Each structure stands twice: as C-alpha cells, then as structure tokens.
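Written out below as structure tokens is the structure these notes cover.
Reminder, nothing fancy here: chain letters follow the sequence lines and each chain counts from 1. Every value quoted in this text rests on a predicted model; they were computed, and no experiment measured them.
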Amino acid sequence: MAAPTSSKHDNTAPAAASAAADPSAPTPSAGTDLPKQYRPAEHEARIWDRWSAAKAFHADPARVLSGEARPYCILIPPPNVTARLHLGHALNNSLQDILTRAHRMMGFETLWMPGTDHAGIATQAVVERRVMQEEGKRRTDFQRDEFIAKIQAFKDDYEAQIIDQLQKIGCSCDWERVRFTMDEQCARAVREAFFRLFKDGLIYRGKRLVNWDPVLQTAVADDECYEAEIDGSFYYLRYPLVRKNAAGSHAPVTWNELATAGYPGADQHPGEEPAWVTVATTRPETYLGDVAVAINPHDPRAKSLRGLFAELPLVGRVIPIIEDSYVVLPEAYARTDEERADPKAGMATGYLKVTPAHDPNDYEIGRRHAQTIEAAGHPVLVNIFAPDATVSEKHGWEDVGDASLFIGMSREDARKKVVAEFKALGLLEGTKPHKHSVKHSDRSKAVIEPYLSDQWYVRVTDERMAGQANRALVSDQRTSAGSGSQSAPTDNRLQFHPARYAKTYEQWHDGIRDWCISRQLWWGHRIPVWTKTITIDATNRQQLVNGGDLDFLDASGASLFAWSWCPGETETEESANRLVGVAVFRHVASGRTFIGDATPGGPPWYGLPELDGEYEVAVCVNNAPSLVEYLEEESGFTQDPDVLDTWFSSALWPLSTLGWPESTPLLRAFNPTSTLCTAREIITLWVSRMVMFNRYFLPANFEQTGDAANASTSTTDAGPPPFRDVFVHAVIQDGEGRKMSKSLGNGVDPLDIVESHGADALRYTLCNMTTQTQDVRMPVERDPATGKNTSPKFDMGRNFGNKLWNAARFALAILGSASNPGSAVTRETNLSLADRWMLSRLAGGVQQAEAALREYNFANYAQTLYDLLWRDFCDWYLEAVKPTARTDAAQQAVLAHALETILRLIHPVMPYVTEAIFERVRAIETAPIDGITLGRPTKDGLLTTAGWPKVAAAWHNPEAEAAFDRARALITAIREVRAQHNVPPKRMVTYHPAAGLSVTDAEAALIRTLANVDTISNSAPAGPSVTFTYNAAEHRLSNLADAVDASAERARLEKLIADRNKQIKTLEGRLANPGYAQKAPPAMVEETRTQLQQAIQERDAANEQLAGLGA
RNA sequence: GGGCGGGUAGCUCAGCUGGCUAGAGCAUUCGCUUUACACGCGAAGGGUCCCGGGUUCGAAUCCCGGCCUGCCCACCA
C-alpha cells in the first residue's frame, strides 16, 4: 500500500516500516511538548503508514462467515479514469469513509471496496483529443491494439493519481483489493453476465434507432447528449395525392373527388390540381425516407382520404395515408381546449410525414402500421443516410428514382436542396421560423442523427429486470404500479435516503425502455459474440440440427459447446453449467425481423427446422478461449467489433468486485452490501442497473445460503438487491450555484485543500455541509499566493481540528502529571456538578452522533461533534475544572474519559488528528468509570481499529444539566454586565445574589471560576455597584471598578426596557386573544402568564434603576 | 410536459410531525498577549423567515395561488 506521500500506487508492496508505526516506541506522557497548532503535514503521511503497516483496513470474510462479526460493506462508486478527482468525489468518498470508519469501530467486519471505472466513451474521447493535440493524429491512424495501449497508459496514470488522492484524503478502503472495471476479474463477470442474459433471451440484437454521432460514428446514450436551442424553420411541403388502380399503376386525385368524399374545404382549390396534403417538418431532407403520411383518426378529413396514397416528389414512392392518434390535430379541428393549447396545434397541418428510419416517434408509428406500409410495396425502414450522415442509397434505400441528385450531400446541403426542389415544383407551401432544441453529442458537439443501426440490447423492460428492481423497494417507498386497491408488490429490501429519491427510481423503471448496450468504440469490453453469415438449405439443415460442424468437443471428448437455437429454452441444470456457447440465427433478407423482433415478453424464436436462406449466426461465448479459437480459426467467425456500454460493467460492480461468478467467501460475506453512497444523477444509470443485475444473477435464497453457485435464473424469484440503503447526497456547486467544472475554472482540487488545510479539515467541512437538500454551495476563491482555488469554508474544519488538538494538549498536560488513579468512578462517587454535567452531555452526544449517522444526516453528526467538543467540553467543562483537575482523581477520570469519548466520536470524520492525539492519550492511566466502555485498541494501538465509545444511559442526568444551565445563564449575565462596564477580565468582582436567593455550593464554584467572581456576598454592597436582572430577580455586582460608568449602565438598561416592552406586548396580545385561553393547552397558557409576569418585573426593576441613575 | 429541490442575518446553511425572545459558522463591532488554543477567549449588533390568500387560539413551519432559482426525466411535425 502506498503512503499518501507517494504518487505511485502499488497495492501489493509492503508498507515501509516507520518509527511511528512501531507500537512499542516510547510514547510521550504529556501534552506539553506538543506544538500549539496542529500541522496536518507533520502527521498525515506518518499515520497513514501506521494504518497500512497494521493492515487496519483489510476485511476478512472468514470472520463474517464464521459468525464472529457482522458484515458492513460499501462499494465505492468507481471514479472515471478520465481525470483527477474533484470536490464532489471528495465529498462522496469522505461520507463513505465516515460510515466505514464508524462501523469498523463499532465492531463490524468492514469492507470498503475501492476501484475505478474505465468510462468507455469519456476516456477514449479524452485520449483522442490528447493524441490529436500532441501528435496531430486521429484514432483511425492507429491499429486498434496500438490505440488501446495508449488509452491503457493514460488510464494507468490517472488511476494512480486517483488512488493517491483517495488515500491522501484518508479513505480507509481495503487497498489490497483495488478493482478496475476492465481488469480480468471484472471482464470475467462481464462475459458471464452477457452470456447468461443472451442465453435467457434477455439480450437481443436488432436494428433500432439510436442517437448517432456522425463525427465519432458511434451510437451515444441519451445521457451523452445535450440539448441546444437552434433557430430553425418549419417547412410546409405538399405531397400530391394519388389513387392506386387495379393494374398496379396510380393516378392523381382531384379536389373535386375529395369534395365529393366529404373532405372539408376541398372546394377552396379551384384549378389547383392534383390535390395534395401538406406536411410540416423541421427536417425536409428526411422526406426521402418517408413511408407514410399520418392523420389523426378524429380529423374530419381522415375519412375522405381512406384508401388514398401520397406520392413523394422526385422519389416517386407511393406511400399510404394512415390514421394514428399520435398526430396532433391542427387548431382548426381541435376538439378540446387542451388540444387547442398544444403548442404543436398552432404549427400543425394535421398531416405528419412518417420517417421511421430517422425519427424515434415515426419509428413507433412505423411499427404500428408496418402491415399497411409494407402492403404499399416498400419496407418500413428506409435509411437514407450513410454513417457520416451524408445522403446515401447504399444503406437501406433502393427506390431512389429521380432523387439521385441528393446522393452524397451532407444533411445540411440536402435540406437546402430539398427545399429548393419543392419550391421549383410549386410544392413548397411556405416556411416559418421556429426555435427548437436539438440534441448534440457531448463529445463531438455534432448534431445527433437518429440513425438505424445494428445494436445489442438488454431487455430491461422484462419483469425480471425493471419489475424486480421496483419490487425491491421498501413498502413505504413503493408508490406506483399498485393495481386497483392492491398496494404495489415489494420485497422490502431497498431503501432510499432521503426517501424522495425512491420516486425517481420507481418512475424510471415504470417508463423504462430496452437498454442499448453496444458502443462503436475501441475502449471497453468487447462483446463476446462471434458472427458469420451462412446459407441454410435442405442439404445442411439436418447437419445443423444434429450439431453439425459447430459441435465442439474438448480433448476428453466432452461437448463444450451446445446449441441453443431457442434462447430462453430451459436447459437442465447440468447442461446449463456446461454450456459455453449459445447461437442465434438472424434471417438476413427479412426486414420484418428487425422491427417486430419478438412477441411481447418472449424471446425471439427461430425454429431451426424451418430455417431456409441466408442467416447471420451469432455465437455468444462464455469464457471459453478454446471455443473462440475454434470459431475464429477454423470456422471463419469474427468477433463483433463493438464494445459494451460502460454501465454494463458498472452494473456488475457489486458482483464482479466480490468475485462473482465464483462463489467466493468475499461474495458470500458481503453481498448484499450495506450502503451505496452516490449522487442523484446516477440513480437511473447505475443504481437501477446494479439492482436489476444483482437480483437477476444471484439466486432467490442467496441471502440465506450465500451460495452463488446455485444461481438459477429461470425463476422469477429474484435474488437480493446489492445494497440495503442508497444514500443520495447533495451536489456541490460554486458560490453562484453553478456546477464545478474545469471549463468554468471554478473547480477545487481536494489535494490543494489537503495541502492548505489538511485532510481532516476538508472532510469535516464537507461533512458539515451535507444536509438533506439537493445542492450545497461552496464559494470558491483563488488564493493569490498559490494561484489555486480554495474556499474560506474549509477554515472551519481546520479550526475545529485545531481546537481538538489544543483541548487534548491541555487535558494531557493535566493528566500527564497525575499520579494516583484512584478508585473506579461510579454513580455513588461524589462528583462535581461540572463532572456530572459533562458525563450527561457525553451520554447524549454519543446517542446523537449515532442517530445522525444512522439517518445519514451528516451535517447533524458534524454539528453534534462541534457542540460537544467546542461548546460543552472546551468552553464550559475545561474552564470549569481548571482549578481542581490537577488534584481531583475522580475528575481526572471524567476528563480523560470525556476526551477519549469525543476523540472516538470524531475519528470517523477526522481520522488523522484524532489518531495523532490518540498516540498520547492511550498512555494515560486514570480510574475507570463505571458504565463507560471505550474498548481497547485491537491492532497496534491504533484508534482506527479501536472501539466505538459506549456511555451508559445511567450517566444521563437531567438534574445536573438543569443546574448547570442555570449556573451558565447566571454566568453569562454576569459576563454581560462586566463587558458593558469594561471591567478588565482579570479583575475579580463581588456578586450579590438577589435577596432570598441562595446559591448552591456547586453553582458558586462555577460562578467563581467562570465569571471571575472572588466573593459571593449576601449582604448589600459597600461601595459602588450595578444591578442586573436575571431570572426576574435583581442581583448586584460590586467591585467592578473604582467608579461605575453611568452612561454604559443607562444604555444597557434602556435596551433591556425596550426588549421587555416588546416582549410584554407580544405576550399580552397572546393572552388577550379569547381563543388562546380556551383552546391552547393550559400549561402553555400558564407559562405565558409567568413569562409576562417576569418580563414586567424585569422591566419595572430596570426602570427603577434607570431612575436611580438619573439622580 | 412530468417529477424533485431551494428561496430564513451581508455570505453559507440549520430550524419546518405548528407554540421558547427564529439559531449556527463565517463576516462586522467592542473588549482581551486570561499559562490549551488569536486557527483563540468574552460580549454585541444584524432577520417583512420570497409575495398574496387560507386553515388555526397561534404559521418560518400546514393548505391554495403566484414569483424567482436549480436539478432530473420525457418530448420537440
């Protein structure tokens, strides 16, 4: 494991021994030799080395499987190897580390699995850009292997940087288990998963419309696109109407005929023959691929057009008029206000050109009307573009006709030319300017072309996928899909925090579409499918049925490769386990196969005995190099050139990192994992898919048996979701609410903060910011000295760490000189009020911290620590015990236990400074305290593996807290008077309690120490004095100064009177309300009366004093 | 178009299963070289809780409407 100081990652090399790592090294006994400031740089690397040497973060599945320890596991969301980590990663990983460290201390066998993601398209694009800049070469100037090697080198570099960053931040991952989504273990899981899905009919190949990037010439996912507003136009194109006659020829249609058929407004076109329909489009060039014109069945014109066709100008294709309710009615025919309000209604003509090969909606319409369209004599899908988005007749367009003049043109040129041609033909009805947003590719910035292309899909619409993903939700987060009065089915096993994100997750599955998993890239997992086109006829059919020349035997004669020409067919368990290859046939000539690929819910069926003609055989191979060799070298098969979508391997992360498909101890011990920490944009892309895959690939009883080998995917009973909790944290923005990004220059490198403030400060500040909202803002400033971005917010974390350091320094100075530990402290021990109060606060603090962590309320956790350490321990407890701590053994025990409890509570968020302090604290010996268990260090004297503090509820002490609060309020009141009168801090004053009020000894001790009072006197002051009001009684201070400053006193009293008057008015108003006394709880009314009485008393007293001053 | 957030002190944020004089950190002002800490200590000032209605004895908190702002998803003839 590498120390954070090293920039190189090496997860196998033993850590260098350092002096500090030796637990037997002499430990300084007191804190007095410590510097006044905690300097992170002096400790972090050294402490990291100690953790490494002790293998403190290494998880042992055996302890879980033997029942010795309960498991706690977090899988890191693997960062992309495209760039160094930013502040968002620092937040994400700090939170994971807090959870990890807390659970490790609580005694769970804790695994935080680290790793990185190959990030397919993103990484390839970054490297392509870099190679272009540095060498002036394109990807295609290299061999595939050559270029992949370049990406690999880039990945190695950034992976090392990322791991270095994570380690310097203090992430307590199991660094001996670093995974990479493309390493051999993950690759094996990918092939296995692909194979099983393929075999089960959940992976299929089909021609589909994808977002095509014509520059990169690859399909890109929706999330790899962005929308940009462009100024375009609506073009209104006329298509002449024709009628087919019996001979198969066609003839123009006249307006007269339409009028006769009842077409409204047909008489508006005298002499304008032949009749036409007008379509509106923003993309006139796609008319070349039109296969129908659609009209809404409720359009009054529809009826009279039945049986008619339109003829595409130049192309000459005769296309049917079809009726589909998808078409928006034009304003004139809208039936309801809602329809009229549709913005499209204003633009629409009521006729929609249908271009299934180039528009996703038209694709769906084409599916619905495939029969009608094909009956008209042409395929449903007419693809008019080459992969570079130039007009081409070579990719699925045959009836070019007179449209050959467009061939070879770019989309943009073709658009102009089409418009010009329509105009020349008198068929351009008009144009209207139109602003609309257009999809662009993130990577190349090119306009996305919906493009017909061969792609691999996962049938996530299957109940076994999306259905089981939703079913995993806990019942109170499951809302949709409950049919009738039935609530939605649920397995009660997956919970989102905050709960609202369950809705995002659920709705995503409700509207999910099949997942396109192929990418035309080089960087990624190759699709494990080998294809070859063969002709099947009567001669070889029987051979194939018998296994034919594809039947492959291993050396022992056992069949390694079995046909499964019916994917989804149930095999026996035995044959399924032996299966290393599965083949699917696709009829090359049949266009219908591509569009209507399956009966709903079922896999495509190809009855082998009926096969006849040219087929593409696709063989999916599962981890069988010998079969690959056979296919490639003896049978002439070639591997699919595409790679898988990055998210395919990410979706397997909970499986692959733990060793699946092997039934490893790690998998059995830690899957399902405990918590997934992530950002919300990834709920659909990643969380959903991990759940689907984990549930699909692990057997239903996995949680009980922990046995992945018995996985049976033929059942609808699903395995466990891969985690119990999904915590979705806020996104960090800059001070203006913008995303942090390189291009905006508002990014902050976490290591810059580690350098300037220390890792603990970074972590604490981020933790403190993590509320339950969606976004948090981090104002960014450029440090003029270093030129690096930073934020003043991190000072808070640094200050907090420093406070802890100094509190410990002080406590150690006291405790280090103690000699007699004394006997155990119990509830019978005579403790000071401050001690009893502190123990009570500790009991409460532990409880609050645990609750905050349990609820993933990180800001509350940080705030609890802050208040406990700074407000309670430092401001009040340490100040209170200063006079007595050196001599009171029981108090020393409380002091030591308080410090150590707080240290342990803070350790998960500030691991370095707490560990550094612990090096000294652990040497302190005091009496034990009954009911406080700190747990002893278990590994090399490290805090990081030491126990989580337990403070018995018996130490919770409301009376002590109330008494302490009273004293504290009085002290604050005295301090206020002192400040008002500019009494020097060191000056000891005399306090005269209000008449009839007795101060307990315990309170008196606190007042003396904390308010610099030397005498508490029940007699009237002899010299000059001031009166102050506290708790509705008048108290006096004397000895403030030689003379009392009357003007300060007057100012103070005037303000007090004003405040009280305001308060009196409010309270009187409340009581004057007749409903209040009647309806509010009596105790509350009583309280209000008391408050009013007190306020009046205090005001009157102040008035009196003011009058006295005036004299 | 559907969904989800946010709008509270100059800034960043708590509080919002209704009821303490609406809080914290930073910033500001005043006073402190108090022997743990000036990355500190003590004190102070600072708020139409976005706007308008409603429910209620009582609203920052609940309901309705509006304005501003951010994110996710879908769609775009």
Side-chain angles (χ1 to χ4, degrees), chain A residues 31-32 34 36-38 222 227 234-236 279-283 294 327-328 342-344 347-355 359-362 434 436-439 498 500-501 503-504 507-508 511 680-681 683-684 730-731 733 735 737-739 757 761 768-769 771-779 791-793 795-796 798-814 859-860 863 866-867 871 874-875 878-879 882 972 975-976 978-980 982-986 1012 1055 1059-1060 1062-1063 1066-1067 1070 1073-1081 1084-1085 1087-1088 1091 1095:
Chain A
T32 42
L34 292 169
K36 286 171 122 181
Q37 279 188 355
Y38 171 67
D222 285 342
E227 303 276 342
F234 262 123
Y235 300 89
Y236 293 87
V279 297
T281 179
T282 55
R283 299 202 55 196
V327 181
V328 172
D342 189 326
K344 282 177 202 156
M347 295 298 215
T349 63
Y351 296 108
L352 175 66
K353 64 193 277 301
V354 180
T355 325
D359 182 284
N361 292 310
D362 293 7
H434 177 55
H436 60 136
S437 65
V438 173
K439 245 183 215 176
R500 69 182 113 97
Y501 291 113
K503 203 165 180 179
T504 308
Q507 287 176 350
W508 161 258
R680 67 180 172 280
E681 71 263 20
I683 291 172
T684 54
V731 169
Q733 303 169 335
R738 299 172 304 185
K739 257 188 181 171
H757 290 74
N768 187 57
M769 291 175 69
T771 58
Q772 308 285 301
T773 57
Q774 284 194 162
D775 316 297
V776 289
R777 291 189 184 190
M778 172 74 79
S791 173
K793 296 205 84 169
D795 291 354
M796 187 208 197
R798 182 198 56 194
N799 296 352
F800 184 65
N802 196 56
K803 190 71 180 176
L804 176 62
W805 177 256
N806 278 292
R809 207 158 68 93
F810 179 59
L812 286 164
I814 291 170
N860 276 2
Q863 196 58 47
Y866 191 94
D867 291 340
R871 303 275 83 101
C874 292
D875 286 356
L878 285 184
E879 295 301 329
K882 270 180 180 173
T972 304
R975 284 173 174 175
E976 191 182 333
R978 292 180 62 119
Q980 220 89 44
N982 286 323
V983 179
K986 278 181 177 165
N1012 269 353
K1055 178 172 182 303
D1059 282 356
R1060 288 298 171 271
K1062 198 173 148 197
Q1063 194 187 347
T1066 313
L1067 295 172
R1070 194 176 297 169
N1073 186 331
Y1076 184 63
Q1078 285 164 25
K1079 298 198 179 174
M1084 182 169 290
V1085 178
E1087 196 186 321
T1088 309
Q1091 281 171 349

Expressed in whole Å, how much space separates the [atom1] atoms belonging to [N] and [M]?
N	M	atom1	answer
B/C50	B/A60	P	10 Å
B/U56	B/U61	C1'	13 Å
B/G15	B/G7	P	10 Å
B/A38	B/G52	P	49 Å
B/C20	B/G2	C1'	42 Å
B/C13	B/G18	P	26 Å
B/U12	B/G6	C1'	14 Å
B/A27	B/G19	P	32 Å

As a test of reading the structure: which of [options] is closest to the side chain of [X], going by heavy atoms?
X	options	answer
A/Val328	B/A77, B/A36, B/A44	B/A77
A/Tyr1076	B/U34, B/G19, B/A44	B/G19
A/Gln774	B/U21, B/G5, B/A74	B/G5
A/Val327	B/C39, B/A77, B/C32	B/A77
A/Pro779	B/C57, B/C37, B/U12	B/U12
A/Trp508	B/C73, B/U34, B/C39	B/C73
A/Arg500	B/G19, B/A77, B/C4	B/C4

Check ring pair (Phe, Tyr, Trp, His ring centres under 6.0 Å) between A/Tyr38 and all other residues, then give those that pass, not counting sequence neighbours.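 By the ring pair (Phe, Tyr, Trp, His ring centres under 6.0 Å) rule, A/Tyr38 matches A/His43, A/Trp805.
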Under the side chain to side chain donor-acceptor pair (under 3.5 Å) test against A/Asp1059, which residue among A/Lys1062, A/Lys1055, A/Gln1063 passes?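 Of the listed options, the one satisfying the test is A/Lys1055.
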Would you mind classifying the nucleic acid contact of [X] as base, sugar-phosphate or nothing, using non-hydrogen atoms under 4.0 angstrom?
X	value
A/Leu878	base
A/Asp875	sugar-phosphate
A/Pro1081	base
A/Arg798	base
A/Thr972	sugar-phosphate
A/Asn1073	sugar-phosphate

Tell me whether the OP1 or OP2 atom of [N] has a side-chain N or O from [X] closer than 4.0 Å.
X	N	value
A/Gln980	B/A44	no
A/Lys503	B/C4	yes
A/Lys1055	B/U21	no
A/Thr773	B/G7	no

Rounding to a whole Å, what distance do you find between [X]:[atom1] and [N]:[atom2]?
X	N	atom1	atom2	answer
A/Lys803	B/A24	NZ	C1'	16 Å
A/Glu1087	B/G19	CD	C1'	9 Å
A/Tyr235	B/A77	OH	P	14 Å
A/Arg680	B/C4	CZ	C1'	9 Å
A/Phe810	B/C41	CZ	P	14 Å
A/Asp1059	B/U21	CG	P	12 Å
A/Lys1079	B/U55	NZ	P	12 Å
A/Ile683	B/C72	CD1	P	11 Å

Residue mapping more 5' on RNA chain B - nearest nucleotide basis, A/Ala979 or A/Met1084: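 The residue whose closest nucleotide sits nearer the 5' end is A/Met1084.
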Relative to the 5' end of RNA chain B, which residue comes earlier, A/Asn768 or A/Ala280, by the nucleotide with the nearest heavy atom?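 That would be A/Asn768.
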If pairing requires Watson-Crick or G-U wobble contacts with both distances under 3.5 Å, which nucleotide is the partner of [N]?
N	result
B/A14	none
B/A60	none
B/C41	B/G31
B/G5	B/U69

Kindly give the heavy-atom pair with the smallest separation between A/Leu1067 and A/Thr1088, and that separation in Å.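 Closest heavy-atom pair between A/Leu1067 and A/Thr1088: CD2-CG2, 3.8 Å.
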Quick check: any donor-acceptor pair below 3.5 Å linking the side-chain of [X] to the base of [N]?
X	N	answer
A/Gln37	B/A38	no
A/Lys36	B/C37	no
A/Glu681	B/C72	no

To the nearest 0.5 Å, what is the distance between [atom1] ([X]) and [atom2] ([Y])?
X	Y	atom1	atom2	value
A/Asp875	A/Asp867	CG	CG	10.0 Å
A/Arg283	A/Lys353	CZ	NZ	8.0 Å
A/Gln774	A/Arg680	CD	CZ	4.0 Å
A/Met769	A/Met796	CE	CE	10.5 Å
A/Gln37	A/Arg798	CD	CZ	8.0 Å
A/Asp359	A/Thr281	CG	OG1	8.5 Å

A/Tyr866 six-ring face occupied by A/Lys803 cation (under 6.0 Å, within 45°):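 Pair A/Lys803/A/Tyr866 does not count as cation-pi.
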List the steps and the verdict of side-chain contact (heavy atoms from CB on, under 4.5 Å) for A/Thr282 and A/Tyr235. CA-CA 6 Å; A/Thr282 55; A/Tyr235 300 89; 5.8 Å; no
What's touching nucleotides 25-30 of chain B from the protein side, N or O pairs under 3.5 Å?
from, atom 1, to, atom 2, distance (Å)
B/G25, OP1, A/Arg871, NH1, 2.9

